[in-house]
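We count residues from 1, following the sequence as given. Nothing here was measured: the structure is a model prediction, and the numbers come from that model. For the numbers below, each heavy atom of this structure counts, side chains included, while hydrogens, waters and symmetry mates do not.
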Amino acid sequence: MFASTSVRAASRSSPSAIKRGSFVWFSCLAQNIFNLSLPTIARFRQSLYCNMCMQRQRYSVLTSFLEVPYVSSSFDSSLVRRSNIFDCQSVLRNCPPARCMSSTSIELKTKNDVVRFSFGKPLDKTGSSTKGKKMAKRAEVSKKAKLNELRFYRLKAKKKMNSPNPEVRIRYKLEKAKRKEAWLIEKLMKFEVAKAPADIHDPEILTEEEKHYLKRTGEKKKNYVPVGRRGVFGGVVLNMHLHWKKHETVKVICKPCKPGQVQEYAQELARLSKGIVIDIKPNNTVIFYRGKNYVQPKVMSPADTLSKNKALEKYKYEQSLEHTSQFIEKLGKELEEYHKHLARFKKVNENATQVFDQHMNDKLAS
């Protein structure tokens, strides 16, 4: 009797038999174990596991073998090599083809003195079964499918636009305008800049004579700063400080400007530049005075203002939002007028039917 051996020991002694045709080797090993009349088969504490990775039409093993302790038998590696391989054809016939068995786990079960191979679920890359770990794959949509979807939505919108019912057309335009309005409001929220904490500023008190003198000098001088469609941004304040190097006053010309917007610009510029508003003219011109104790700041463009490019983007979104809100109001009025027209038409029809019924009743009575 030989000493107790294990599958791992057999694999070490005959590595050439394990590398190629490992599945056949295991079937031969199982058959020889039971041909040698083992005393007890219940001593198999664990099943033999082997990972079969099929690559086209050859077998390879991932070298993951579990030891089977306490198996006393009279066989060794030479016995395994001398075993008849053709006796295992019945086992191989029941196996699926190599193309259908990519990364499939095989389990060798020994119950009631019968050896059975059971094929489990496929293994993932790490070697563990994919039970309960289903990876959600994103469905790749082709370019043609995307174009078909866009074409479907366009046709749907075209049907609503060309609908014979005017209410359907008005409601479609209204929904589209409301979606655009919500999108523009969301875009404008990104351009809001948090105001910096106001510094302690003591405004200088000017007499009426000083105000009149500064107003006349500001009107006579030609230096000015334009405030265009971008509104108040960092560059306007920077230009004011540059003009205050040589002049006490500076004119700020606001064009284009809505009614009542000049006062807002004047307050904002006074807060940012720490200047004093001398006069606001009806032609949307504001005269600023730098102050008696003026000191040019190190950073002439405030941090809580927009840049030139961002100010232009904000103006575009604001202009679009204004036109969109006007269009929504116009569509709302059209829808109300249409409902009023329907109500009037129904009343006229009801009155006509009543008159016709009364006329027919009079004829029948006469």
Side-chain angles (χ1 to χ4, degrees), residues 136 138-193 227-232 254-268 280 282-284 306 310-366:
R138 290 186 178 179
E140 294 182 358
V141 183
S142 63
K143 190 176 180 181
K144 190 174 181 180
K146 289 179 182 178
L147 290 173
N148 290 335
E149 189 177 1
L150 288 172
R151 191 179 291 111
F152 168 74
Y153 284 118
R154 286 188 193 124
L155 289 171
K156 197 174 179 181
K158 196 173 181 180
K159 283 181 181 178
K160 288 183 179 179
M161 285 291 292
N162 300 329
S163 175
N165 190 358
E167 187 176 1
V168 175
R169 297 197 301 267
I170 294 169
R171 285 192 181 279
Y172 171 72
K173 291 177 185 178
L174 193 62
E175 289 174 2
K176 192 175 179 182
K178 284 181 178 178
R179 287 199 300 269
K180 186 178 180 181
E181 187 183 26
W183 177 75
L184 289 169
I185 290 168
E186 188 178 352
K187 283 285 185 182
L188 284 170
M189 290 287 286
K190 297 179 181 178
F191 292 98
E192 290 185 359
V193 182
V227 176
R229 56 182 182 173
R230 292 178 177 85
V232 177
C254 306
K255 287 182 182 179
C257 191
K258 299 175 186 176
Q261 200 173 14
V262 187
Q263 284 77 11
E264 295 178 5
Y265 285 163
Q267 291 177 5
E268 188 70 13
I280 299 174
N283 61 347
N284 298 332
L306 296 172
K310 287 188 177 180
L312 182 61
E313 287 181 21
K314 184 182 178 183
Y315 165 74
K316 288 178 180 177
Y317 287 126
E318 284 177 348
Q319 193 179 27
S320 181
L321 181 62
E322 184 182 354
H323 292 305
T324 306
S325 58
Q326 290 175 1
F327 186 63
I328 288 170
E329 289 179 3
K330 182 183 174 182
L331 290 173
K333 288 178 181 178
E334 286 182 7
L335 194 61
E336 287 178 3
E337 288 177 0
Y338 177 72
H339 287 313
K340 287 178 182 177
H341 173 71
L342 285 178
R344 284 198 301 269
F345 184 71
K346 284 181 181 178
K347 283 183 181 180
V348 170
N349 286 341
E350 288 176 1
N351 293 333
T353 52
Q354 286 177 4
V355 170
F356 180 75
D357 292 341
Q358 189 176 2
H359 183 65
M360 292 298 292
N361 290 332
D362 292 341
K363 277 189 177 181
L364 290 172
S366 62

Check: K316 main-chain N/O paired with S320 side-chain donor or acceptor under 3.5 Å
no
Taking S163 for its side chain and K159 for its backbone only, find out whether a donor-acceptor pair lies under 3.5 Å.
no
Student check: side-chain heavy atoms of [X] and [Y] closer than 4.5 Å:
X    : Y    : value
N165 : Y338 : yes
M161 : K173 : yes
F152 : N148 : no

Considering all heavy atoms of both residues, which atom of [X] and which atom of [Y] are nearest to each other, and what is their separation?
X    : Y    : result
V193 : L306 : CG2-CD2, 3.4 Å
A177 : F327 : CB-CD2, 4.0 Å
Q261 : C257 : CB-SG, 3.6 Å
A266 : I280 : CB-CD1, 4.2 Å
E268 : V232 : CG-CG1, 4.0 Å
P256 : G228 : CD-C, 4.2 Å

Quick one: pull up [atom1] in [X] and [atom2] in [Y] and give me the separation to the nearest 0.5 Å.
X    : Y    : atom1 : atom2 : result
F191 : E313 : CZ    : CD    : 4.5 Å
K143 : L147 : NZ    : CG    : 6.5 Å
R171 : K178 : CZ    : NZ    : 8.5 Å
M189 : E192 : CE    : CD    : 5.0 Å
T324 : Q326 : OG1   : CD    : 9.0 Å
K187 : I185 : NZ    : CD1   : 14.0 Å

Can you label the angle between the Y317 ring and the W183 ring as parallel, tilted or perpendicular, going by 30° and 60°?
perpendicular
Anything under 30° is parallel, anything over 60° is perpendicular, the rest tilted; go ahead and classify F345 against H341.
parallel
Go through R229 and L312 one step at a time and tell me if the side-chain contact (heavy atoms from CB on, under 4.5 Å) criterion holds.
CA-CA 7 Å; R229 56 182 182 173; L312 182 61; 3.6 Å; yes
I'd like to know whether K258 forms a salt bridge (Lys or Arg N to Asp or Glu O under 4.0 Å) with E322, so could you lay out the CA-CA distance, the side-chain angles of the two residues, the decisive distance to 0.1 Å, and finally the verdict.
CA-CA 13 Å; K258 299 175 186 176; E322 184 182 354; 3.3 Å; yes
side-chain contact (heavy atoms from CB on, under 4.5 Å) evaluation trace for E175 with R179:
CA-CA 6 Å; E175 289 174 2; R179 287 199 300 269; 4.1 Å; yes
